[in-house]
J.: 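Shown below is the structure under consideration.
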Amino acid sequence: QVQLVESGGGLVQPGGSLRLSCAASGRTFSWYVMGWFRQAPGKEREFVGGIRWSSQSTYVVDSVKGRFTISRDDAKKTMYLQMNSLKPEDTAVYYCAADSNPSETVPMTGYDYWGQGTQVNVSS
């Protein structure tokens, strides 16, 4: 089994920054892609972006492009989400996920493993 644990959430003022981490542990496992999702109160969970583990190629959705950056540290089996210029509409529970299916792109669905989520609140 693979466990994913997010950390780094909290309360930040509009315009501020946060960096979320997603640490993977458990049995030796190879995944192809890891992704970030978020779910705001009363809304469905939405895909934020992801990273192909081997190539480190990334993709983020238009609503966060230019503000959010995804990276990873293979030695630490950790993925990061650097969030800058945060807006109140970024308030949500942020989840990380891992996809064990081979893919040449960063998919928006089909992830196998999920973390428990970390809360991000953007408010003055």
Side-chain angles (χ1 to χ4, degrees):
Q1 189 63 286
V2 174
Q3 293 82 39
L4 301 175
V5 179
E6 303 95 336
S7 61
L11 174 64
V12 63
Q13 292 186 341
S17 298
L18 279 177
R19 188 177 81 155
L20 306 184
S21 299
C22 172
S25 63
R27 67 175 179 87
T28 300
F29 174 72
S30 295
W31 51 84
Y32 294 91
V33 179
M34 289 187 76
W36 286 102
F37 293 76
R38 66 185 181 184
Q39 186 167 20
K43 295 187 177 181
E44 294 188 352
R45 185 168 59 192
E46 64 174 352
F47 176 72
V48 175
I51 184 167
R52 292 188 69 239
W53 203 258
S54 58
S55 68
Q56 299 189 65
S57 62
T58 62
Y59 172 83
V60 294
V61 297
D62 286 346
S63 60
V64 306
K65 195 168 292 182
R67 301 188 298 121
F68 290 12
T69 303
I70 298 173
S71 62
R72 62 85 166 146
D73 183 329
D74 187 51
K76 295 181 179 180
K77 295 296 186 278
T78 298
M79 175 179 64
Y80 303 98
L81 178 65
Q82 178 66 45
M83 305 186 294
N84 300 327
S85 302
L86 283 161
K87 304 175 181 180
E89 52 263 43
D90 295 318
T91 294
V93 177
Y94 284 72
Y95 300 89
C96 68
D99 185 355
S100 63
N101 300 301
S103 175
E104 295 299 318
T105 62
V106 177
M108 296 184 180
T109 60
Y111 288 76
D112 304 293
Y113 300 94
W114 292 84
Q116 84 291 346
T118 185
Q119 179 71 48
V120 171
N121 289 310
V122 184
S123 175
S124 55

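The shown structure was predicted, so the numbers you read here are calculated from the model rather than taken from an experiment. When reading the values below, keep in mind they use all heavy atoms of this one structure, side chains included, and skip hydrogens, waters and symmetry mates.
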J.: Against Ile51, only a single residue in Val60, Ile70, Leu81, Thr69 fulfils side chain to side chain contact (heavy atoms under 4.5 Å, CB included); can you say which?
T.: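 The passing option is Ile70.
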J.: What's the spacing between Tyr32 OH and Glu104 CD if we round to 0.5 Å?
T.: 10.0 Å
J.: Are side-chain heavy atoms of Asp112 and Asn101 found at a separation under 4.5 Å?
T.: yes
J.: If hydrophobic clusters are built from ILVMFWY residues whose side chains come within less than 4.5 Å, do Val5 and Tyr80 share one?
T.: no
J.: Taking the side chain as every heavy atom from C-beta outward, state whether Leu11 and Gln119 have any atom pair closer than 4.5 Å.
T.: no
J.: Evaluate the side-chain proximity of Val61 to Phe47: yes if any heavy-atom separation is below 4.5 Å, no if none is.
T.: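 When only atoms from C-beta onward are counted, Val61 and Phe47 do touch, with a gap below 4.5 Å.
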J.: Which atom pair, heavy atoms only, marks the closest approach of Arg52 to Ser55?
T.: NH1-OG, 3.1 Å
J.: Taking side chain as C-beta onward, heavy atoms only, is Arg45 less than 4.5 Å from Trp114?
T.: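 Touching, per the 4.5 Å side-chain cut-off.
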J.: Looking at Val122, is its backbone amide N or carbonyl O close enough to the side chain of Thr91 to form a donor-acceptor pair, meaning the two atoms are under 3.5 Å apart?
T.: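 The answer is yes, because a donor-acceptor pair under 3.5 Å joins these two groups.
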J.: Only counting residues at least two apart or in another chain, list the ones meeting ring-ring contact (aromatic ring centres under 6.0 Å, His included) with Tyr111.
T.: Phe37
J.: Report yes if the side chains of Met79 and Trp53 come closer than 4.5 Å at any heavy-atom pair, otherwise no.
T.: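 A side-chain contact exists here, since the closest heavy-atom pair is under 4.5 Å.
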J.: Work out which heavy atom in Val93 is nearest to a heavy atom in Gly117; give both atom names and the distance.
T.: CG1-CA, 3.9 Å
J.: Please check if the side chain of Arg72 supplies one atom and the backbone of Gln56 the other of a donor-acceptor pair under 3.5 Å.
T.: no
J.: Between Thr78 and Lys76, is there a donor-acceptor pair closer than 3.5 Å when you use the side chain of the first and the backbone of the second?
T.: yes
J.: Given 3.5 Å as the limit, does a donor-acceptor pair link the side chain of Glu6 with the main chain of Cys96, or not?
T.: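 Yes; judged by distance alone, with no hydrogens or angles, the pair exists.
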J.: Would you give me the side-chain donor-acceptor pairs under 3.5 Å for residues 14-23, sequence neighbours excluded?
T.:
residue, atom, partner, partner atom, Å
Ser17, OG, Asn84, OD1, 2.9

J.: Any idea which heavy atoms bring Ala75 and Asp73 closest together, and the distance?
T.: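 Heavy atoms only, the tightest pair is N-OD1, 3.1 Å.
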J.: Evaluate the criterion side chain to side chain contact (heavy atoms under 4.5 Å, CB included) for residue pair Val12 and Met83; output intermediate values, then yes/no.
T.: CA-CA 11 Å; Val12 63; Met83 305 186 294; over 6 Å; no
J.: Do any pairs count as a salt bridge (charged side-chain N to carboxylate O under 4.0 Å, His left out) and have a residue in residues 31-43, sequence neighbours left out, and if so which ones?
T.: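 Sorted result for residues 31-43: Arg38-Glu46, Arg38-Asp90.
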